[in-house]
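Single-structure report; data block below.
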Amino acid sequence: MSQPVRVRFAPSPTGIPHIGNMRTALFNWLYARHTGGKFILRIEDTDQTRKVEGAEEKIYESLEWLGLEWDEGLDVGGEYGPYLQSERLELYKSAAEHLITQGHAYYCYCSPERLTQMRAEQSKRKEPPHYDRTCRELTPEQQAKKVAEGITPVVRFKIPLDGKTSFNDIVYGQVEFENVLLDDLVILKSDGFPTYHLANVVDDHMMQITHVIRADEWLSSTPKHMLLYDALKYNAPQYAHMPMTFGKDKAKLSKRHGATALLDYKSMGYLPEAMMNFLVLMGWSLDDKTEIFSKDDLIRHFSLERVSRTGAIFDMDKLNWFNGYYIRQLTVDGLIERITPILGKELPDEVKRPIDEDQLRRIVPLIHERLKLLNEITDLVSFFFVEDVQHNADELVGKKMTGELAVNALQSSSDKLSSLVEFDADSLENLLRPLADELGLKTGQLFGTLRVATTGKSVAPPLFQTMEVLGRDKCLKRIGSALDMLKGVG
RNA sequence: GGCGCAUUCGUCUAGUGGCCUAGGACAUCGCCCUCUCAAGGCGAAGAUCACGGGUUCGAAUCCCGUAUGCGCUACCA
């Protein structure tokens with residue numbers, strides 16, 4: 001009785017997939033992988049007017065970045081294709097015709113103008129806007145007349161005039177609607193394309209979808225779909241509606257909330273594994289403790305029953321934390337692999353390409369746990385690669401120092417550094433700590449000034465290791481130019 | 001306007017009648033570590049469980065009402 005699970009992600013190519021879309025895709029994919037079922041990708045391009053060029057590619061790119069491979073669909077094929085709705089028009093047309101012959105649907109000749117005007121009047125009278133069913137009972141003569149006028153009709157579905165439609169949603173439980181409140185919806189548009197409702201029902205049936213996992217916004221339309229399944233004598237799939245995602249102000253996530261497209265996060269330097277962990281926890285949890293889930297953990301533990309019913313606000317702080325966490329979990333080689341392309345693009349031109357991997361291997365451990373976003377890497381490490389750094393006199397002197405003390409400190413350091421035998425972190429520490437004493441400075445004062453002198457920054461990785469990696473020549477050269485600056489020489 | 005769904009710390013959430021004077025995580029604050037920044041450790045603060053009524057020996061958990069939010073109400077999906 002229990003057939004293998006088949007779920008689908010069915011985006012329409014009207015824009016770049018956003019966080020909410022992709023979370024729905026993730027839940028579908030997880031459910032398929034958890035149950036050993038199939039994850040199908042179907043493109044719902046039934047709205048020719050809203051179609052956006054290139055959107056389809058962005059859908060693939062988003063899925064691939066997150067690591068949600070699909071078992072059937074565009075690119076990979078499958079035995080239930082085609083997987084593009086615009087190539088399935090005949091199927092919808094014959095379903096619509098079948099419904100007409102069975103008395104479940106009818107041609108409607110009402111003009112869009114008439115419909116909008118009618119709705120305007122209805123809402124002025126404080127009535128719920130609805131179709132008045134003018135064409136539902138047209139006689140053959142009346143129909144013939146309309147056809148003679150050259151009007152291309154749409155096809156509307158006959159909603160039963162009484163009774164109730166209910167279904168059991170895996171997430172929301174039993175939901176019930178009065179049929180009288182439902183409109184005779186358009187199922188086939190005058191351009192020959194189906195509306196979402198028809199296409200969705202026909203495809204889900206023909207592709208043998210067992211579970212429809214989709215966003216909450218569809219909950220109210222589900223009775224229409226149930227009625228359509230009935231009229232078509234199809235078995236309805238199981239439904240599981242997912243709570244929606246919102247911006248900080250509790251409004252539906254949109255452009256003004258900043259980045260909403262998943263791929264924006266890719267380019268900002270987020271890790272797909274962090275994104276996946278973050279997304280799944282918006283609306284799903286395993287228990288009261290577990291926060292970190294690998295992909296395998298998720299596949300093992302995911303269940304529709306533990307999806308919550310309340311909408312979630314997108315919390316960038318938490319995402320950032322996950323990202324930092326996952327970066328820290330990366331091996332040095334893993335991190336290098338991910339940052340090399342970024343550095344190749346962003347480091348100043350004076351830095352030789354390809355980027356010196358041996359040097360990178362020595363640098364990475366110093367900045368690894370300081371990295372929250374991959375894209376921050378360039379700012380963090382560029383001083384290692386460039387020849388000279390810019391100094392800021394105030395930073396160089398520091399808050400607890402005077403210019404004189406700073407000059408003195410740099411001069412003494414420079415002298416001692418040039419005669420140091422081994423230029424490594426331990427030797428540097430053994431040399432510089434006593435030096436602070438000799439100079440009557442706190443270690444923080446000396447090290448702070450040296451840090452700015454050698455790196456050009458007041459915030460940098462630990463001094464001794466940093467100096468070791470920089471090497472004696474660069475250190476002395478930079479200390480020299482810092483001295484020149486403080487002394488007011490050029 | 002109608003219908004549907006929801007409502008636990010700022011945020012994500014745990015919780016399905018007694019284990020809850022409500023647990024965890026992020027963010028915040030403090031302390032420790034410390035050459036800066038991180039990371040890490042420890043700790044604090046933060047929710048009268050939207051509100052009002054019931055039911056019950058006992059309710060965040062069940063019922064009713066109210067409020068608020070969101071969704072749908074298109075020849076959009």
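Only a predicted model underlies this, so the values are computations on that prediction, with no experimental measurement involved. Below, read A as the first sequence line, B as the second, and so on, with proteins coming before strands; counting in each chain starts at 1.
By the 4.5 Å heavy-atom criterion applied to side chains, A:Cys108 and A:Pro153 are not counted as neighbours.
Contact annotation: side chain of A:Ser123 to base of B:rG1, donor-acceptor pair absent below 3.5 Å.
Contacts of residues 454-461 of chain A with RNA chain B (heavy atom under 4.0 Å): A:Ser458, A:Val459, A:Ala460, A:Pro461.
A 3.5 Å limit on both hydrogen-bonding distances identifies no Watson-Crick or G-U partner for B:rC75.
Spacing between atom CD of A:Glu127 and atom C1' of B:rC3 amounts to 16 Å, rounded to whole angstrom units. In this structure, the CZ atom of A:Arg309 is 17 Å from the C1' atom of B:rG69, given to the nearest Å. B:rC70 atom P lies 11 Å from atom CD1 of A:Ile313, rounded to whole Å. With rounding to whole Å, A:Arg306 atom CZ is found 13 Å from B:rG24 atom C1'. Between the P atom of B:rA27 and the CZ atom of A:Phe278 lies a distance of 12 Å, rounded to the nearest Å. In this structure, A:Glu217 atom CD and B:rG69 atom C1' are separated by 16 Å, rounded to whole Å. As rounded to whole Å, 7 Å separates atom P of B:rA77 from atom NE2 of A:His197. The distance between atom CG of A:Asp184 and atom C1' of B:rC75, rounded to the nearest whole Å, is 14 Å.
Aromatic ring pairs are classed by plane angle as parallel below 30°, tilted from 30° to 60° and perpendicular above 60°; the pair A:Trp218 and A:Tyr196 is parallel.
The cationic group of A:Arg156 lies under 6.0 Å from the six-membered ring centre of A:Tyr131 and within 45° of the ring axis, placing it in a cation-pi geometry.
Heavy-atom minimum distance, A:Tyr60 versus A:Leu74: OH-CB, 3.0 Å.
More than 12 heavy atoms of other shown residues, nucleotides or ligands fall within 6.0 angstrom of atom CD in A:Glu438.
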